[in-house]
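These notes concern the structure reproduced below.
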Number of protein chains: 2
Amino acid sequence: MTETSITPNAVAAVSEARQWDRLMQMARLGAFRGGDGSEGVNRACLTPLDREARRLLIGWGQAIGLTPSIDALGNLFLRSEGTVPGLAPVLAGSHMDSQPAGGRFDGIWGVLAALEAVQALHEAGVSLARPIEVVAWTNEEGGRFAPGCMGSMAYAGHSAADSWDAVTDSHGVSFGEALREHLAKEADLPRRPLGGAPHAYVEAHIEQGPQLEAAGLDIGIVTGIQGSRWFLVELLGASAHAGTAPVSMRRDAVQDMVRAITALNALMADPTDVLRFTVAKIEVEPNSSNSVAERVRFTIDFRHPDAAVLTARGDAIEATIRGAVRHCDVTVTERFHALPVEFHPAVTGAVERAAAAQGLKAVRMPSGAFHDAQFMVPLCPSGMIFIPSYRGISHNPAEYSSPEQLVRGARVLAQVLAELARD
Amino acid sequence: MTETSITPNAVAAVSEARQWDRLMQMARLGAFRGGDGSEGVNRACLTPLDREARRLLIGWGQAIGLTPSIDALGNLFLRSEGTVPGLAPVLAGSHMDSQPAGGRFDGIWGVLAALEAVQALHEAGVSLARPIEVVAWTNEEGGRFAPGCMGSMAYAGHSAADSWDAVTDSHGVSFGEALREHLAKEADLPRRPLGGAPHAYVEAHIEQGPQLEAAGLDIGIVTGIQGSRWFLVELLGASAHAGTAPVSMRRDAVQDMVRAITALNALMADPTDVLRFTVAKIEVEPNSSNSVAERVRFTIDFRHPDAAVLTARGDAIEATIRGAVRHCDVTVTERFHALPVEFHPAVTGAVERAAAAQGLKAVRMPSGAFHDAQFMVPLCPSGMIFIPSYRGISHNPAEYSSPEQLVRGARVLAQVLAELARD
């Protein structure tokens, strides 16, 4: 069969109903009701809920003949063999963990779309030279253990596998402990070495921004990802009695945090509104209303598509904070640093061709969010497929993409995988 | 026997070693090590640790013939009968709960000093007309359930007994639930009606400020307590993806909190350094570094000795916050309001006479901290005895008063109780 004959069969075999049903089954694992009544998901990595989701995925994969395996970071692979022995696989997937108050589509759809695409290729009888591996990366979100993308960073050799062993969640459980427990509970899965040399990597994902919806488009051909730098700031003052300690004599960590954030807002001011600066996680000790705060930890999430801006302003963060605080000891730790990346024309081209062949409206666009895909860039030709997000809402229970939007993305992915795994 | 003959015997019977030993036994219940190596206490109200401390106290009281009873708020009383039936009792005590990262002396010493004083009066064979009741008020600190002083406020009729049933701790447990569980577990104790009409109330307490130590004094004759107003501020914005949501389009609750605190700092500015303004408890949702904060709750603790200042600036808080925030919905709830109080000359006089009779250096002074005593003022002649705090440190593991300083306070209390309960 030629490409022109096989691909339409596979594309037609991609099932809107099956994919949606699987998404909704996954959404039950960690389901919660948002303030506006919408259905959200809170499924942190390496929890019993995460394991339940992985088991569900493995069951679906095994039912169509895929072989599961797991590596030292808990990254999960479901392999469909190719016809030519020894060829490097094409990887497709995303992550299964969610934000603490996350939605039903972020990450999990990319994994299920890859499964759906592989299943459609099987059902259409498409035989491909290369293996395809559906992959679910561990801890993309960074909501429980910061930073995110630990699984893909370790796989790609960006960071050593034990880099985050000591990182703790809000209950004091370390990533190392949680990972060991997870691997022990998944000991029946075949273990594979960490890392590899894939032929290509493709990740389908919701846009998490408003552009595709606003422009009435179906597909985003993702050209690259802006860079990110994450910092943890710790301010150490002294606790004191809120009724007796004169304000002039305090070393109040909350007040120094306010000074630091105010100064950082000035550093990060950007009239073009391209720069993303966010303080979103704050922990105060002892966090009692009548004890002056002894310690504050807050996070900085700073992103920009221009590596020069990312470097210059990111490098100025610590001095800005030190210049602003009055009383506290300051510790600034960079927890995550990813330069902007550009995706490979072999993948962006394949996405563009598939969308065009399927009569879908597509646009080239960068990604504002980071994704596991950015760590695959040094390893192999990599790229991403975006579909529209309702009002651009994400990391929120109100996150939504319709079954129709989702199946269009899976159909493009099926065709892209067919092209990349062909030879 | 005349007063002049009995009192020296009772004062001599107050045991420095016994009181210190009991304090150190109590300090084991919730002990933790502070950052500087000092021994702190974390014993939140209505927890198993709190119950263990109360049981220890009851045992010591019963060993010297005191009768325990408990009221609907969990306030605990240990009664020593007087010789004349039907006279109203003199109450003496404080609280047994601590701040989350508290010290070994705040509250618990006032209870143990009352026990020590009663025991010394017994051992010296002093017979008094009136009963003396050692009291431990429930939830003075407000660290687990805000506000503090719930036990004494309900006892004094300042607030209805069910006012705080719905107040939850950081794990979502309500005060009502915790209280019901506590009362069920203490069902073997005789139940007494809530409230009463005591003859007088005396509370011994560490100063929690630096004045007595700095001036080389032994005893503070507390003349009154500054007023307090506590507020809970809730800012509701919208969560969004930290990488994709343009800063200009965000409704970021952390940024609005920074604006609100900055404006409040201006409202609360006080060149005389008498005003106490504290933001010490902050809760962010979802509190994930890469999700723009949807919701922030922060507390305000505002105190001043002048009722006019307390009213004027306290009443301006809500408008100040509303004027400062840009994007969030604002809710400001006043959780606690206590006007400044003055203590009764019958008690302040008794403290002054006792200190003078014992050759101790004493000074009249107001209290910066609030105490259960302030709610007793409308009920009966009330007052407090302060002893020095090392460097004024309190609500902190480094809180310290020496065995010698503590026993001087208990001796003054013994003599004050003898005078007040005499007839």
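Naming convention: chains lettered A, B, ... in sequence-line order (proteins, then strands); numbering from 1 in each chain.
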**Request:** Determine, step by step, whether Thr262(B) and Val258(A) satisfy the side chain to side chain contact (heavy atoms under 4.5 Å, CB included) criterion, reporting the C-alpha distance in whole Å, the side-chain angles of both residues, the deciding distance to 0.1 Å, and the verdict.
**Result:** CA-CA 7 Å; Thr262(B) 301; Val258(A) 169; 3.5 Å; yes
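Contacts of Leu275(A) with chain B are made by backbone atoms alone, with heavy-atom separations under 4.5 Å and no side-chain atom involved. Looking at Gln99(A), only its side chain comes within 4.5 Å of chain B, counting heavy atoms on both sides. The contact between Ala240(A) and chain B is made entirely by backbone atoms, counting heavy-atom distances below 4.5 Å. Only the side chain of Gln226(B) has a heavy atom closer than 4.5 Å to any heavy atom of chain A. Looking at Arg250(B), only its side chain comes within 4.5 Å of chain A, counting heavy atoms on both sides. For chain B, the nearby parts of Phe277(A) are the backbone and the side chain; heavy atoms of each come within less than 4.5 Å. Proximity to chain A (any heavy atom under 4.5 Å) is restricted, for Ala245(B), to the backbone atoms N, CA, C and O. Looking at Asn265(A), only its side chain comes within 4.5 Å of chain B, counting heavy atoms on both sides. Contact of Gln255(A) with chain B is made through the side chain alone, with heavy-atom distances under 4.5 Å. In this structure, chain B has no heavy atom under 4.5 Å from any part of Met268(A).
You'll find the side chain of Met257(A) reaches within 4.5 Å of the side chain of Met257(B), heavy atoms only.
Interface residues of residues 280-292 of chain A toward chain B, defined by a heavy-atom distance below 4.5 Å and sorted by number: Ala280(A), Lys281(A), Ile282(A), Glu283(A), Val284(A), Pro286(A), Asn287(A), Ser288(A), Ser289(A), Asn290(A), Ser291(A), Val292(A).
Checked against His241(A) for a ring pair (Phe, Tyr, Trp, His ring centres under 6.0 Å), the options His371(B), His395(B), His205(B) give a single hit: His395(B).
Heavy-atom pairs under 4.5 Å with chain B were tallied for Thr299(A), Asp273(A), Ile300(A); the largest tally goes to Asp273(A). Chain A forms the most heavy-atom pairs under 4.5 Å with one residue out of Gly143(B), Ser394(B), Ser170(B), Ser248(B), and that residue is Ser248(B). Note on Ala369(A), Ala101(A), Gly209(A): by heavy-atom pairs under 4.5 Å with chain B, the leading option is Ala369(A). Per-residue counts of heavy-atom pairs under 4.5 Å with chain B were compared for Thr278(A), Val296(A), Ile393(A), Val274(A); the largest is that of Thr278(A). Per-residue heavy-atom pair counts under 4.5 Å with chain B were compared for Pro100(A), Ser367(A), Ala293(A), Pro246(A), and the maximum is reached by Pro246(A). Between chain A and the options Asp270(B), Thr244(B), Leu236(B), the largest number of non-hydrogen pairs under 4.5 Å is found for Thr244(B).
Side-chain contact annotation: Ser239(B) with Asn396(A), donor-acceptor N/O pair under 3.5 Å absent.
Across all non-hydrogen atoms, the minimal contact from Asp301(B) to Ala242(A) is OD2-CB, 3.7 Å.
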